[in-house]
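Every value quoted in this text rests on a predicted model; they were computed, and no experiment measured them.
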Amino acid sequence: MPYHTSATLLIYEGEHPKVIQARLGHSSITTTMNTYGHLLEETDQRASAHFDKLFNKKD
């Protein structure tokens, strides 16, 4: 599986960036974050939306 596809799928499944770094063979987490950081931001926003729904439920 191509690296970008693999990294993207792992990010969307919530895998820790250090695990992704190791799997991709990046010597630094900075490389991983610079390359895939925008995807991590998207997943963080999605996680925030889940909390918004949870805490803003009307009974």
message: If hydrophobic clusters are built by linking Ile, Leu, Val, Met, Phe, Trp and Tyr wherever their side-chain heavy atoms come under 4.5 Å apart, do Tyr12 and Leu10 end up in the same one?
response: yes
Joint cluster assignment, Ile11 & Ile29, ILVMFWY side-chain distance < 4.5 Å: yes
Quick check: does any side chain N or O of [X] sit under 3.5 Å from a backbone N or O of [Y], one acting as donor and the other as acceptor?
{"X": "His16", "Y": "Lys18", "result": "yes"}
{"X": "Thr8", "Y": "His4", "result": "yes"}
{"X": "Gln21", "Y": "His26", "result": "yes"}

query: Is Arg23 atom CZ crowded by more than 12 heavy atoms from other residues, nucleotides or ligands, each under 6.0 Å away?
result: no
- prompt: What heavy-atom pair brings Thr35 and Thr31 nearest, and what distance separates the two atoms?
  reply: OG1-O, 2.8 Å
message: Minimum heavy-atom separation for Glu15 and Val19, please, with both atom names.
response: OE2-CG2, 3.4 Å
- prompt: Is any side-chain heavy atom of Leu24 less than 4.5 Å from a side-chain heavy atom of Tyr36?
  reply: yes
- prompt: Quick one: CD1 on Ile20 to CG on Leu9, what's the gap to the nearest 0.5 Å?
  reply: 10.0 Å
task: State the NZ-OG distance between Lys53 and Ser48, to the nearest 0.5 angstrom.
output: 12.0 Å
